[in-house]
Structure formats: structure tokens, C-alpha cells
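To start, the structure itself, in C-alpha cells.
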Number of protein chains: 4
Amino acid sequence: MTGASGTPARGGGRERIIAAATDLFAGQGYEATTTRQIAEAAQVTKGALYHWFDSKQHLLVCVYRDLLAEQTGRLAVIASADAPVERRLHDAAADLVGHIADHFEPLTVWARSMHLLDGEHASHIRADRRRYHETFRGLLVEGQAAGVVRTDVSASVMAHGFLSTVGNIHTWFREDGPLSRHEVGTQLVALFLDGLRPREELIPVRPAGPASSAPPA
Amino acid sequence: MTGASGTPARGGGRERIIAAATDLFAGQGYEATTTRQIAEAAQVTKGALYHWFDSKQHLLVCVYRDLLAEQTGRLAVIASADAPVERRLHDAAADLVGHIADHFEPLTVWARSMHLLDGEHASHIRADRRRYHETFRGLLVEGQAAGVVRTDVSASVMAHGFLSTVGNIHTWFREDGPLSRHEVGTQLVALFLDGLRPREELIPVRPAGPASSAPPA
Amino acid sequence: MTGASGTPARGGGRERIIAAATDLFAGQGYEATTTRQIAEAAQVTKGALYHWFDSKQHLLVCVYRDLLAEQTGRLAVIASADAPVERRLHDAAADLVGHIADHFEPLTVWARSMHLLDGEHASHIRADRRRYHETFRGLLVEGQAAGVVRTDVSASVMAHGFLSTVGNIHTWFREDGPLSRHEVGTQLVALFLDGLRPREELIPVRPAGPASSAPPA
Amino acid sequence: MTGASGTPARGGGRERIIAAATDLFAGQGYEATTTRQIAEAAQVTKGALYHWFDSKQHLLVCVYRDLLAEQTGRLAVIASADAPVERRLHDAAADLVGHIADHFEPLTVWARSMHLLDGEHASHIRADRRRYHETFRGLLVEGQAAGVVRTDVSASVMAHGFLSTVGNIHTWFREDGPLSRHEVGTQLVALFLDGLRPREELIPVRPAGPASSAPPA
DNA sequence: GATGAATGAGTATTCATTCAT
DNA sequence: TATGAATGAATACTCATTCAT
């Protein structure tokens, strides 16, 4: 009813604004997206936009949180499943990678714009991210206790390492490259899981000569 | 020693501008940094800034290239050294991590702002990055040929994975955390190198039950 | 006892809105106060606010009139009392000053915002103010006729002078200063009443040298 | 050169902006004046306006300070003249009143808009006003010491009283009234100076009956 | 080599007000 | 009697960039 266009505008204002913002932020970045564009895409007035959201930043936060909430929910299910740690670890990694493969563009926003949020808003997001991170790290700690995950590397470093690798795929992945999204995902998961194993399981591959800096082991 | 350019570095305008821009871009991001701030920090006028650089983007490119050039130079030395691949791989990873530990903030820019460059400028940077990436990847390919690096994961994916993990440390590393920069670096290198090994070297750790999604192996 | 209207004051929306608006207008000025703030402070919705009042200006007028009505009522009682003019003059001045001491902030609005009202609304207020002013001035004219108030200064100027002095106390009075509200009030009244006396009662104090501009006497 | 209009635009941008702002603020109030209007009136672009002034408030402060500086300068000359206090007091009052008569509208701004300034800006103005006030009060204190000004009323109250009376003439003075600006001014000065005299000089006029509230002496 | 005044198109945000329910 | 979603026009302010000197 708002617009004069023929496109039916289903759903309440708030929903449509979130949807429009998600698309635009993902497509052209947060900074390059204007409130005018969002309002037009959502077929509401700029006034309505500010009726529902305090600011553009607030809107960004809401977009984030919706995305994060889903991911966190999925992780919670996997982490608390009735299965051995190594199985759950694998599933968590695979699910994250799969989820990202499916929500590729929206998640790009997340990686690129968070540093633009001011303290107030950033802390909300950070809290949500922390929750995800903690659950993931919990799995690794559990694995260390069970002896299936190496203990010479901090669980936190492992979690951060994997999460940021995966969260930055958008940086280099090319849809027209030799590998599909899912192939890349599978390979990253393999890489990660294998790097995780306790050192005792490995037949060590030592650098031959004297190490220039910190030598491994 | 910042630049490789022939311009004398006698505290002249150009040098100071690059230095100021590097700091500001690193600290608050490219988008959030204004030319005014750069000019003030460099103690030059805005006019002078445009005397030396064509545009803000041009400035960003210059900041990048100086940074990248150094890193690429170091990698070239390591990659072409007379040592076994595994040794050179280790050294390359360790050096990158060490270099980042030392140039922590400046390198943040690199991760966050590249998508903002327009075609003209982006291609220059991309070429430089590609050069680094290719050298690194070359090492992995060499390793695969020598049988010390797994072949079931694309060398490109391995390179991108490690490079983006390392390039995003700034996202989560806390100076006041339990681990020092160098400890974190060492652990990341270990994680990476161990994930790299050919699968035959491993005593496999199989998920116990039936896999919910793509099972490993 | 705030309003003279017939509306029952059972904490209904209207009363609460007036009260909230009075506080806010006094505290931050009419212009700087938003309808949103008023609605929130009155714990009603913005819709309800517009149910009771035609516009923000209408609300301002209502705030004024309540305030002025009380003051005008008190003045009427004093002016028509059975007492010599000088007594009634003194009482009028003292009462105004006392009243202001008690309703310090609300009356601030009055001084600052009247010029913002449009013709329609302004004339209502102006009529009310005029009524107050006229009564006060009537007292002075009466005093002039009785020979207890100087006639070389227009009664209107005297009235305006005192009224605006008193109406601007809020500009400079500091609760934590050396004098209390009532001390300041008493001194202003004395100053005013003494300035009022016929010149013949005075032993003139002449400027010694030749006057640079209009010399007194 | 800036505009395309035929009106010659003499003077630098900054001067013209101040002049235009002064006129507009005086004519329609600070809040009702838009930066667009100011820029157009000054025949500069809005950008130029912000080149010279940090904000609209900053501009207001500059307008104020120019006005205040002149008034303060004049007062300083009078106060330090080689003449008896009563003469200098008279001259100061007369000069202020005369100055206001001549700069009627610009000074209106000052009275109406100061409460809109935020802390930072307000304090600059307040400091300037204080300086004026202090000099004026100094004259009264001197008068008290010399025995020509009453001591039962605080010099500060006298100064504030007169200054705010005079500063609010714009509230009620009508160009088309029976008295001219200068007549009104002269009368206010007389009223003030006579209210100032030591009480001993007066043949007291006592309220006849018992006082309803605080009786004078 | 360097200045600094000027530009102008663009941005997020505000806010009194309306109206279907 | 009251709601609250929606409006739309207006506003202060930003900022990369230019150019005469």
C-alpha cells in the first residue's frame, strides 16, 4: 500500500527493511549503502525506517544479529548432540562452512563492516560472536580432554584460526574458479581437523637444517 | 626504510603523508579516515596532500604497496633459499607471522579496505597480492611434488586459508590476553604445518558414528 | 489547582501532559523540547498528546495560560485590596517576586518562548500578559495620582522595567550563591520601590562634572 | 566573484557570513534561521560557511562576541575615566542604554538564543558577559565605598537588575509607541540611578498598614 | 613546492503531524 | 479515549576535490 509500484509488498515494515538492508549491505557494503536506498528497496519512507530503527548502525546490528542467531542456534544443536567429540567437531566445522556457502553474500557484510560500529553497538555484536566462539571453543576443549585434540596449541587459538579462515573466504573465493563452494569448504574442514590432531599421532616432519627462528618442537 | 621508491626520505611531505595515512587507516579504517585528518596528522595542508597524491584511493594504494613490497621481498628470499621445501615452508610461515606481529596495525588496513578500491587502483594492488600469494603457493606446490604436503587439498586453498587466518589476527588478538603475539604466531604456524602433512603420515582419527553430512574420508 | 478548566484532574492524560510540558519547556526551552519527550515524560503516547492538544504551540499556550492565570488572580486580589497605594504596590511587587521564587523554572518558559508563537496563539497569550501588565501599571498610575510615585517616568516604563528584571532572575540567579532567593527578591523590591519615589523626596545626587550625554536633572 | 548576481560582494567570506548571520538571527531568531539562508544571504556556498565556522552554534558565538566586545570596550573606557563614580555610573548606564537603542535588533538575538548553546559554546559567551558584568559591578562597589550608592542592596543584585531590565527592552518596546527609544532609555537610567541612592538620602515612604509579607525595613 | 579558500553534491537524522483502527 | 505505524519535508553538516596564487 505504501508504494505505487505493482510489486506486492508482503510483510510488515520492519521485516522488509531488514531484508532490504541485508541485501544492500551485502551487495555494496555498509558505507556505500544509503538510508535512501534502503527505504526505497523496502518500499517504505525514510521516516518509517527511523520509526523502526534508531540509526543506520542499529539497523546493521539487527541484520548481524539475525544472521548470527541462526548460526549460533545450529551450533548449539550440534554441540549438544549425543555423539563423540570428534564427530561433533567435524559436524560443527562442516555446518559452519556449509552455512557460509549458502549465505555467502550476507555474511560478507559482517566481516567488512564490524570495525565501523561504535562502541555501544559493537559490544552487542561482540557479545553474540563471543557466544558462538565460546561454544566452538568448548568443543575443542572437550576434545583436548578426550585426547583427540592436540594440547600444545591453545583451544582459543585453534577456534579463532578456523573461524577467521572461514569468515574470510569471501576475500578470495571466486565463483568462477576451479573449485565449487562446497569443495573449498570440505577442503578447509579437512585442513583444520587434521591440524588439530595430537602430535603423538603424527610421524613428525622436521625441518632438515637449523631453524632460522622459532623451530617447531 | 618504508618505501622502495627513489624519493629521498628527508622527512619530506610525501613520506610523512604516507606514514600518517598508514596509522590512520590502520586505526580507524580507510572509510572513516578523512583527508583532513591525514593532512593534520602529517602536518601538511590539504593542498599539499593533493600535490603528492592524485586521490585518497591513490594514497591507499601507495600505503599498501609499500607494505606489500617489503613482505613480498622477504618471502622471495626465503622461497629461493637453498633448503628443503619443508624448511622453507616453515620459514615462510614463521616469517609472515613474525612480520605481522611486528607490523600489527598497519596490516589491518590491507584486510579491510581492498574491496573499496575502484578497478584502476584495485588491479595494481591485486597484482601485488597475487605475486605474494603465488610465491607462497609455489612453495606448497613444490611441497606436494616432493611428497611432504598433502595433495588432497588444493595448494591454493591451503595458501588462502593460512594467509587469511594470519591476516585476521588483529580481529581477535588481545595484547592483554594470556598469550603473547609470538606465542600465538608459533601456535598458528604449528597448526598450519601439521594440517598440511600428507594423510598417509597420519594415524587417522575417524568419527565414530554415521556422519550427519559429508563424512571425512 | 493547576488549571481553571472544567476538565477533571484525576491524573488524566491532559493534566499529566501539561505538567510534563511545563517541566520540559522550563528546563530546556520550547524549541529544544520534542513532542516525543513530552509524551514519554507524561507517560502517554504521541497519539494521545494530539488527541488533547491541537499542536505543540497549542500546548505551549496552555502551559502559559495556567501559569499566568494564577499570577493574574493573585495580583487582582492585591490590587483591589482596601489599602493605600504604596502598600498595595509593595505587596504586588513582593508577591510577584515571592511567587517567582517559588515557581522559578516554570516561569522561565514565559520569558523565552513567546516570540515563537504564531499570530493566532500569540494573541491569546499577549492578551493575558497585557491584563497582568495593565493591572500592575494601574497601581503605578494610581500612585502617581496620589503623589507617591514619580511622574517624570512613564508608568508603563516603570512596570516593564520591574517586570522584566524580575522575569529574568533565572538568567543569573545561582542557588549556590551568597544570597537566597528571598533575599534577592527583597532587595529587588527595595530597589524598585525606591527608584519609584517622586524626585522631590530626594536630596539630589548630581554628577559632578559636565554630562557627556543626557545629564540627570 | 562568488555569486552570479549583480550585487557587488565586498569583503572576505568570513566578514560577509558574520554580517548575514547577524541580520538573519536578529530578524527571525537563531533556530528559525537555516544555514542555507545564511549562505545565500552572504553569497557564499554552504561549504564555505563550514570552512570558516565549525557549526551554526559557533557562528552564533562569533556574532555574540563581536557585539559584546564592542560593548565591553566602551564600558572599559567609561569606567576608567577620570571622573567621580556617580558620573561614571551615570555614563555607563546611559551608554549601555544608548548603545542598545542603536543596535536594537542584533542584541535581541543575544537575549533569546543563549539558552540554546551547548556547554562548550555557552561558556565562551558567559565568560565575556561576566567580564562586562564585573566591570559594571565594580563601579557600583566603588560607589558604595564612596557613600553614593546604597549598601543595603548587593552590588551584584543591582548590576544584574539593571542589566537584565535593559537587556530585555526588546520584549516590550514598540517602535510605534508613545515614547522613542531614547526617551525610554533615559527614563530607565533615571529609575535605576535613583533606586541606587543610599537610604539616608530618602524621606522614607512607609507602607501604612501591617505588611502582608516581608515588610521593607 | 605549497597554500587555503571555495565547492557542491550528498548524508544521516529529526520531528510535528496524521489517520486507520 | 487512545494507539502506534507511517509520513515527508526540512536540516545541519561532511568531505573529496579543485584551482588561482
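Residue numbers start from 1 in every chain, and the chains themselves are labelled A, B, ... in the order their sequence lines are given, proteins ahead of strands. Just so it is clear, the values below take in all heavy atoms, side chains as well, and ignore hydrogens, waters and symmetry mates.
- Remark: D:Y50 is not in phosphate contact with F:dT14, judged by side-chain N or O atoms under 4.0 Å from OP1 or OP2.
- Between B:K56 and C:G47, the residue anchored closer to the 5' end of DNA chain F is C:G47, taking for each the nucleotide with the nearest heavy atom.
- Here F:dA12 presents its C1' atom at 13 Å from CD of D:Q37, a figure rounded to the nearest Å.
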Item to check | Canonical and wobble pairing (Watson-Crick, G-U, under 3.5 Å) of DNA chain E, dot-bracket with | | outcome: .||||||||||||||||||||
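- Summary of the strand contacts: C:L49 and A:R14 both lie near DNA chain F, and taking for each the nucleotide with the nearest heavy atom, the more 5' one is attributed to C:L49.
- In this structure, of E:dG4, E:dT11, E:dC15, it is E:dG4 that holds the atom nearest to the side chain of B:T45.
- Atom CG of A:L24 is separated from atom CG of A:L59 by 10.0 Å, given to the nearest 0.5 angstrom.
- Counting to the nearest Å, the C1' atom of E:dC15 and the CD1 atom of C:I38 are 12 Å from each other.
- If you measure from atom NE2 of B:H58 to atom C1' of F:dT17, you get 15 Å, rounded to the nearest angstrom.
- Each of B:V44 and C:A32 was assigned the nucleotide of DNA chain E with the nearest heavy atom; the assignment lying further toward the 5' end belongs to B:V44.
- Of the candidates E:dC15, F:dC13, E:dA6, the closest approach to any side-chain atom of D:A48 belongs to E:dA6.
- In this structure the side chain of C:F25 reaches within 4.5 angstrom of the side chain of C:L60, judged on heavy atoms.
- For the pair A:I18/A:W52, no side-chain contact is recorded, criterion being any heavy-atom separation below 4.5 Å from C-beta on.
- If you take CD of B:E40 and C1' of F:dA16, they are 15 Å apart, rounded to a whole angstrom.
- A heavy-atom distance below 4.5 Å is found between the side chains of B:V44 and B:R16.
- Using a 4.0 Å cut-off, some side-chain N or O of B:W52 falls inside it from OP1 or OP2 of E:dA2.
- Inter-residue side-chain proximity for B:K56 and B:Y30 is flagged as met; some heavy-atom pair is nearer than 4.5 Å.
- Separating the CZ atom of B:R36 from the C1' atom of E:dA6 is a distance of 14 Å, rounded to the nearest angstrom.
- Remark: the separation of the P atoms in E:dG1 and F:dT21 is 22 Å, to the nearest Å.
- For E:dA5, one of the phosphate oxygens OP1 or OP2 lies less than 4.0 angstrom from a side-chain nitrogen or oxygen of D:H51.
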Next on the checklist: Pair D:F53, D:R14 - check side-chain contact (heavy atoms from CB on, under 4.5 Å), show working.
Outcome noted: CA-CA 9 Å; D:F53 302 94; D:R14 191 169 198 283; 3.7 Å; yes
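- B:H121 places its NE2 atom 13 Å from the C1' atom of F:dA16, with the value rounded to the nearest Å.
- Looking at A:K46, its side chain comes within 3.5 Å of the base of E:dT13 through a donor and an acceptor atom.
- Looking at A:V61 and A:R65, their side chains come closer than 4.5 Å, going by heavy atoms from C-beta outward.
- When the side-chain nitrogen and oxygen atoms of B:T35 are compared with OP1 and OP2 of F:dA16, one or more of them lie within a distance under 4.0 Å.
- In this structure, the CD atom of A:E31 is 13 Å from the C1' atom of F:dC15, given to the nearest Å.
- Taking 4.5 Å as the limit, every side-chain heavy atom of C:K46 sits out of range of all side-chain heavy atoms of C:E40.
- Summarising the geometry, the separation between CD1 on A:I17 and P on F:dA5 is reported as 11 Å, rounded to the nearest angstrom.
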